[in-house]
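Before any comments, here is the structure.
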Amino acid sequence: MNRMEVELCNIKLKNPLITASGTFGFGEEFIDYYDTKILGGIVSKGITRIAKDGNKGVRIWESPSGILNSIGMENPGVEKFCTDYFPKMKKLGSEIFVNLGGNTLDEYVEGAEILEDLDFNFLELNVSCPNVSKGGMAFGLEAGPLFEVVKNVRKVTKKKLIVKLSPNARDMVEVARACQEAGADGVSLINTILGMAIDFDKRKNVFNNDYAGLSGPCVKPIALRMVHQISRAIDIPIVAMGGVTSYKDVLEFLMVGASAVEVGTYNFMNPYGPKEIIEDLEKYLDEKDEFIKDFIGLIK
């Protein structure tokens, strides 16, 4: 029996390690580093109904134990993803998660409808996008708008629907419950935390949009706390992320209630990171004669 095997939304993954959206491209960018077949899953770069050029100005800024990013969802759009990128992802040998964003409810629904005919199991909804119809507040910040997005996407897709939650929400537990009630199969968290950086020498804000998303090891304690809180409030599976750089981080997230774990910023820090984490996990489990599934939910 495979010590590393986990189950997510009734689908078996060879191990709990998934590469996070926006940090692994569409997978091909890393094939010169290791065989991507070893991964439990790969999440696509975030895509939207219509192609986006992304934000102007500085997009990445280093911060102690992390980075701030202001990419702005630069992507080729759903239709070009289907024709040019998805066929290449299918050859990588890992479970595919497609990350879908949108600026209106219709964009989410139309994007999901187009993706429905593709052969993959998991659709990860990025609900940190600004709702242009409601003044720009992100869909995922309040339970009501989030419920509407998930409910309407649920109507048009049979994929396993994972909702990627923003840690900037007013009440993370409330929005997670809204996802469950609206028909989500699971949630993933945390997305980046809203932060800011100042260019001291230029005496100005680093980012054109003032604020940016903070990720990396510095956010791990916050992510652990949020995963733990939400695991006690919902019955659907959780995919955890936030500062994962080692096999111990993976096991800690599993212990507080996650079923699988995404590695994000660490892909920039060490392109061999996921491979090394998987190898270290296998070694640890063999030495202890334990199974990965036995760690899930150990800490109540």
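What you are looking at is a predicted structure, and each value in this text was computed from that prediction instead of being measured.
No continuous path of ILVMFWY side-chain contacts below 4.5 Å connects Ile60 to Val219, so the two sit in separate hydrophobic clusters. Linking ILVMFWY residues whenever their side-chain heavy atoms come closer than 4.5 Å, directly or via other members, leaves Ile42 and Met241 in distinct clusters. Hydrophobic clustering (side-chain heavy atoms under 4.5 Å, transitive across Ile, Leu, Val, Met, Phe, Trp, Tyr) keeps Leu68 apart from Ile71. Linking ILVMFWY residues whenever their side-chain heavy atoms come closer than 4.5 Å, directly or via other members, places Tyr284 and Tyr266 in the same cluster. Cluster annotation: Met255 and Leu17 are assigned to the same hydrophobic cluster (Ile/Leu/Val/Met/Phe/Trp/Tyr, side-chain heavy-atom contacts under 4.5 Å, transitive).
Remark: the backbone N or O of Pro274 is not paired with any side-chain donor or acceptor of Glu276 at under 3.5 angstrom. The backbone N or O of Asp249 sits less than 3.5 Å from a side-chain atom of Ser246, completing a donor-acceptor pair. Remark: the backbone N or O of Ala169 is not paired with any side-chain donor or acceptor of Glu142 at under 3.5 angstrom. Side chain of Ser21 to backbone of Ser44: a donor-acceptor contact under 3.5 angstrom is found. Under the 3.5 Å distance criterion, the side-chain polar atoms of Asn208 are matched with a main-chain donor or acceptor of Lys56. Within the 3.5 Å criterion, the main-chain N or O of Asn267 finds no donor-acceptor partner in the side chain of Thr23.
A salt bridge links Asp289 to Arg3: at least one charged side-chain nitrogen sits closer than 4.0 Å to a carboxylate oxygen. Ion pairing between a basic and an acidic side chain is recognised when a charged N comes within 4.0 Å of a carboxylate O; Glu148 and Lys151 show such pairing. With respect to the salt-bridge test (charged N to carboxylate O, under 4.0 angstrom), the residues Glu181 and Arg177 do not qualify. At a threshold of 4.0 Å, the pair Asp185-Arg154 counts as salt-bridged, since one of the basic side-chain nitrogens sits closer than that to a carboxylate oxygen. Lys293 and Glu7 are not joined by a salt bridge, as no carboxylate oxygen comes within less than 4.0 angstrom of a charged side-chain nitrogen. Ion pairing between a basic and an acidic side chain is recognised when a charged N comes within 4.0 Å of a carboxylate O; Glu74 and Arg59 show such pairing.
Under the 3.5 Å distance criterion, with hydrogens and angles disregarded, a donor-acceptor pair is assigned to the side chains of Thr265 and Ser215. Between the side chains of Thr19 and Glu262, not a single donor N or O lies within less than 3.5 Å of an accepting N or O. Asn121 and Glu95 are linked by a side-chain donor-acceptor pair at a separation below 3.5 angstrom, with hydrogens and angles left out of the test. Side chains of Asn75 and Thr48: a donor on one and an acceptor on the other come within 3.5 Å. For the residue pair Ser70/Asn55, the side-chain donor-acceptor check at 3.5 Å is satisfied.
Here the CD-CD1 distance, from Glu174 to Ile230, works out to 11.5 Å after rounding to the nearest 0.5 Å. Here CG of Leu100 is found 9.5 Å from CG of Leu161. Values are rounded to the nearest 0.5 Å. Interatomic distance, CZ of Phe97 versus CE of Met89, reported as 10.0 Å (0.5 Å rounding). Atoms CD1 and CG, from Ile96 and Leu118 in turn, are 9.0 Å apart once rounded to the nearest 0.5 Å. The OG atom of Ser128 sits 9.5 Å away from the CE atom of Met73 when rounded to the nearest 0.5 Å. For the atom pair Ile236 CD1 and Leu8 CG, the distance stands at 10.5 Å (nearest 0.5 Å).
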Derivation and outcome, side chain to side chain contact (heavy atoms under 4.5 Å, CB included), residues Ser166 and Ile190
CA-CA 6 Å; Ser166 169; Ile190 60 173; over 6 Å; no
Residues Lys14, Ile38; criterion side chain to side chain contact (heavy atoms under 4.5 Å, CB included); working and verdict
CA-CA 8 Å; Lys14 65 190 75 169; Ile38 67 172; 5.9 Å; no
Let me see the working for Glu252 and Lys248 under salt bridge (Lys or Arg N to Asp or Glu O under 4.0 Å), right down to the final yes or no.
CA-CA 6 Å; Glu252 287 178 13; Lys248 290 183 179 179; over 6 Å; no
Audit row: Tyr108, Phe139, ring pair (Phe, Tyr, Trp, His ring centres under 6.0 Å) steps and yes/no:
CA-CA 11 Å; Tyr108 277 104; Phe139 283 94; 5.3 Å; yes
Test side chain to side chain contact (heavy atoms under 4.5 Å, CB included) on Met172 and Leu189 and set out the steps.
CA-CA 10 Å; Met172 285 286 287; Leu189 62 140; 4.0 Å; yes
Go through it in stages, so that I can follow the logic: the residues are Val6 and Lys12, the test is side chain to side chain contact (heavy atoms under 4.5 Å, CB included), and I'd like the CA-CA distance, side-chain angles, deciding distance and then a yes or no.
CA-CA 6 Å; Val6 296; Lys12 289 183 179 180; over 6 Å; no
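At a threshold of 4.5 Å between non-hydrogen side-chain atoms, the residues Glu79 and Thr83 do not count as touching. The shortest distance between side-chain heavy atoms of Leu146 and Leu165 falls below 4.5 Å. Annotation: side chain of Ile31 is in contact with side chain of Leu92 (closest heavy-atom distance under 4.5 Å). Looking at heavy atoms from C-beta onward, Ile238 lies out of side-chain contact with Val256 at the 4.5 angstrom threshold. Contact check for Gln180 versus Asp235: side-chain heavy atoms found under the 4.5 Å cut-off. Contact of the Phe291 side chain with the Asn2 side chain is not registered, since no non-hydrogen atoms from C-beta on lie closer than 4.5 Å. Inter-residue side-chain proximity for Asp171 and Val175 is flagged as unmet; no heavy-atom pair is nearer than 4.5 Å. Cys82 places a side-chain heavy atom less than 4.5 Å from the side chain of Leu115.
Here the shortest heavy-atom pairing between Phe147 and Ala178 reads CD1-O, 3.5 Å. For the residue pair Arg49 and Gly111, the shortest heavy atom distance occurs at CD-N, 4.0 Å. Residues Val227 and Ala258 share a closest heavy-atom pair of CG1-N, 4.2 Å. Across all their heavy atoms, Trp61 and Val206 have their closest contact at CE3-CG1, 3.4 Å. Listed here is the closest heavy atom pair of Gly66 and Cys218: CA-SG, 4.1 Å. Considering all non-hydrogen atoms of both residues, Ala197 and Asn205 come closest at O-OD1, 3.2 Å.
At most 12 non-hydrogen atoms from other residues, nucleotides or ligands lie less than 6.0 angstrom from CG of Asp53. Surrounding NZ of Lys90 are more than 12 heavy atoms belonging to other residues, nucleotides or ligands, all under 6.0 Å away. In this structure, Tyr211 places its OH atom where only 12 or fewer heavy-atom neighbours from other residues, nucleotides or ligands lie under 6.0 Å away. Atom CD of Glu62 has 12 or fewer heavy atoms from other residues, nucleotides or ligands within 6.0 Å.
Remark: Lys88 fails to qualify as a cation-pi partner of Phe26 under the 6.0 Å distance and 45° angle criteria applied to the six-membered ring.
The aromatic ring centroids of Phe24 and Phe30 lie less than 6.0 Å from each other.
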